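Would you mind keeping the following structure in view while I ask a few things?
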Amino acid sequence: MASENPAPRPGNVPLATAGLLLGMLLSVLDQTVVAIALPDIAADLGGMDGIGWTVTSYVLASTATGALYGRVSDRFGRGAVFVAAVAVFVTGSALCGLAQTMPQLIAARTLQGVGAGALFVIPTIALSELYPRRLRSRVQGFTGGVFALASVGGPLAGGAITDAWGWRWIFYVNLPLGLLSMALTAFALRLPRPGGNGRVDVAGAVLIAGATVSLLLVAEWGGRTYAWTSGVILALAGTVAVLTALFVRRERRAADPLLPLRLFAHPTLRVVLPATALLGALLGGSILYLPTYLQVAYGMGATRAGLALNPYVLVFMVVSSLAGARIGASGRFRPSLVAGAAIAVLGFALLSRVTSGTPYPVFAVEIAVLGLAFGLLTQNLVVVAQNAVGPADLAATTSAALSVRGLGLSLGVAVFGTLLTRELHGHAPSPEATVEAIPDVLFWGAPAAAVLVALMALLPRAVDRPAAGETAPRMADTPS
């Protein structure tokens, strides 16, 4: 198990925390905020056939680069890499707002995504170093709240900004927020540099990025844009297999690998990493359809639907922060993780039974159950992964956990979308048909969550070992 972190070097920890969380908020918001403005963007720039790539390009770029940033920050320092990544994100945002054609917007969104790959990974690593291990779960609980708020609040914010000022401002508002995040972090974050002096594993990063993008395209296109047996899908699947094999070979031989393969042999990480990917899929699949259901089934506008998701968001945020504090103090993670997974089974089972006649208060209770489950699980799984390793492997482990969660989230959106397409087969396309099919799609979340229960039960009992009284080796003195 990892030991207690050394005290941070002189700096302003609250301001550093605010700067890191603000960057994290921006990265998640821009996965969701654009969706509500797509009709306005298409009307202005044309190119309706490629409009989906304004979302997909961002997700692909941020997911594919996430694993690299942990190792890069080992070499060059958390603060320096974070500030540089926010600068890339802000530049991409400005270019998005200035785009005059759809290809220009897609290229700018890709640049945004490259910067965003660091904006969840590095704060999660840095916060675990700023605070002692006994407080990790409490602090990471705040990041879970940020994730929930941004994931569900993105469409609400996007709609309000688009209605008030036009779609370009959903990108322009990132500029002052991003600059504030950069200023706070540059001024206040003072961490010992981990001392990684080896070369960054660029070859490994290219291989895993290529495999990730290919896998996401298989999930996105398979069964919808192309048949599963089409040459495009088979070629992409073959690319995933080849690049993954090359990546494993590279990591075995690299002097300073991007993701040391020994991590995947760790008894805790063998359970936590697949569980985190599965949790990501459940998060992505549920968040995708809840706003749509509210708008059509209850006749709500986009703004009202966003507000109607408050039972989910608020419970997620409160449980993530309060439960994180309590679990971190006791050091007992397994009971809460098993309970969270079991509650997720219940939440999806309840949502699979809703109908157009279900009163909203009943629906609100059911989505609150799901928020309770995800609040117990989302960041505590990351903390368990971090606690399982020493300081030398903290960045690589955190990057791995967040990358597989992001990959799972993207795959969950794609898989639940494929399930919806299957449910709608033979029906005339209409909002009403979609709403009737959504509970049948959410039904599949229950057996998937049952697998999560089994994985949580397999966690080694060592994850519950108390953290009190531990000491840690000092890291290099160079500030980040």
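Positions are given from 1 along the sequence. These figures come from a predicted structure and were not determined experimentally. These numbers come from the heavy atoms of this one structure, side chains and all, not from hydrogens, waters or symmetry mates.
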- Is the shortest heavy-atom distance from the side chain of L60 to the side chain of L217 under 4.5 Å?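 Touching, per the 4.5 Å side-chain cut-off.
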
- What closest approach, in Å, do L20 and P123 show between heavy atoms, and which atom pair accounts for it?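 Taking L20 first and P123 second, the nearest heavy atoms are O-CG, 3.6 Å.
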
- H266 (side chain) donor-acceptor with A388 (main chain) under 3.5 angstrom: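 Judged by distance alone, yes, a pair lies under 3.5 Å.
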
- Does any pair with a residue in residues 80-99 pass side chain to side chain donor-acceptor pair (under 3.5 Å), and if so which ones, sequence neighbours excluded?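 Listed by first then second residue: S93-Q112, S93-N174.
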
- Query: Heavy atoms, side chains only, cut-off 4.5 Å: are F316 and T378 in contact?
  - Reply: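 Yes. Closest side-chain heavy atoms under 4.5 Å.
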
- Looking at side-chain heavy atoms only, is the closest gap between L458 and R270 below 4.5 Å?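 Counting from C-beta outward, L458 and R270 never come under 4.5 Å.
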
- Message: Angle between ring planes, Y58 versus F89, binned at 30° and 60°: parallel, tilted or perpendicular?
- Response: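 Ring orientation of Y58 relative to F89: perpendicular.
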
- Query: Under the side chain to side chain donor-acceptor pair (under 3.5 Å) test, which residues partner T17, sequence neighbours left out?
  - Reply: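 Result, side chain to side chain donor-acceptor pair (under 3.5 Å) vs T17: Y131.
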
- Restricting to pairs with a member in residues 400-417, which pass side chain to side chain donor-acceptor pair (under 3.5 Å), not counting sequence neighbours?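 Sorted pair list: Q379-R405.
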
- Partners passing side chain to side chain contact (heavy atoms under 4.5 Å, CB included) against A277 (at least two apart in sequence or in another chain):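 Residues passing side chain to side chain contact (heavy atoms under 4.5 Å, CB included) with A277: V404.
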
- Qualifying residues under side chain to side chain contact (heavy atoms under 4.5 Å, CB included), relative to V206, sequence neighbours excluded: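 By the side chain to side chain contact (heavy atoms under 4.5 Å, CB included) rule, V206 matches V202.
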
- Item | Donor-acceptor contact below 3.5 Å, side chain S352 vs main chain A349 |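 Yes, because the side chain of S352 sits within donor-acceptor range (under 3.5 Å) of the backbone of A349.
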
- So, S62 side chain and V59 main chain: donor-acceptor pair closer than 3.5 Å or not?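 Yes, the answer is positive, given that a donor and an acceptor are paired below the 3.5 Å cut-off.
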
- Item | Which residues share a side chain to side chain contact (heavy atoms under 4.5 Å, CB included) with V338, sequence neighbours left out |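 Result, side chain to side chain contact (heavy atoms under 4.5 Å, CB included) vs V338: M456.
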
- Task: Mind telling me whether F416 and F348 have parallel, tilted or perpendicular rings, with 30° and 60° as the class edges?
- Result: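 Ring orientation of F348 relative to F416: tilted.
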
- Item | Under 3.5 Å: donor-acceptor pair, side chain of S230, backbone of A227 |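 Here the side-chain-to-backbone pair exists.
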
- Ignoring hydrogens and angles, tell me if any N or O in the side chain of E251 forms a donor-acceptor pair with the backbone of P260 under 3.5 Å.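 Judged by distance alone, no pair lies under 3.5 Å.
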
- List in chain and number order the residues that pass side chain to side chain donor-acceptor pair (under 3.5 Å) with R262, two or more places apart in sequence or in another chain; answer none if no residue qualifies.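 Partners of R262 by the side chain to side chain donor-acceptor pair (under 3.5 Å) criterion, ordered by chain and then number, come out as D393.
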
- Message: Within the 4.5 Å heavy-atom criterion, are L236 and Y226 side-chain neighbours or not?
- Response: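 They are not in side-chain contact.
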
- Task: Answer yes or no: is there a donor N or O on one side and an acceptor on the other, between the side chain of S181 and the main chain of L177, under 3.5 Å?
- Result: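 Looks like no, no N/O pair under 3.5 Å.
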
- Item | Partners meeting side chain to side chain donor-acceptor pair (under 3.5 Å) with D201 (sequence neighbours left out) |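 D201 satisfies side chain to side chain donor-acceptor pair (under 3.5 Å) with R250 once adjacent residues are dropped.
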
- Task: Could I get the full list of side chain to side chain contact (heavy atoms under 4.5 Å, CB included) partners for P447, not counting sequence neighbours?
- Result: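 Listed in chain order: W444.
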
- Which heavy atom in A395 sits nearest to a heavy atom in D74, and how many Å separate them?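 Shortest heavy-atom separation between A395 and D74 comes out as CB-OD1, 3.3 Å.
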
- Message: Tell me whether Q104 contacts the main-chain N or O of C96 through its side chain, where contact means a donor paired with an acceptor under 3.5 Å.
- Response: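 No; judged by distance alone, with no hydrogens or angles, the pair does not exist.
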
- Task: Check whether any side-chain N or O of S27 sits under 3.5 Å from a backbone N or O of M24 as a donor-acceptor pair, and report yes or no.
- Result: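 Pair found, side chain donor or acceptor close to backbone of M24.
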
- Message: For residues 104-127, which residue pairs pass the salt bridge (charged side-chain N to carboxylate O under 4.0 Å, His left out) check, not counting sequence neighbours?
- Response: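 Sorted result for residues 104-127: D30-R109.
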
- Task: Would you mind reporting whether L337 and L376 have side-chain heavy atoms less than 4.5 Å apart?
- Result: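 The answer is no, as the side chains (C-beta and beyond) never meet within the 4.5 Å cut-off.
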
- Item | Residue pairs, two or more places apart or on separate chains, that pass salt bridge (charged side-chain N to carboxylate O under 4.0 Å, His left out) and touch residues 51-62 |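 Listed by first then second residue: nothing to list.
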
- Message: Could you check whether any side-chain N or O of S73 sits under 3.5 Å from a backbone N or O of G70, counting only pairs where one atom can act as donor and the other as acceptor?
- Response: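 Yes, S73 side chain to G70 backbone: donor-acceptor pair under 3.5 Å.
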
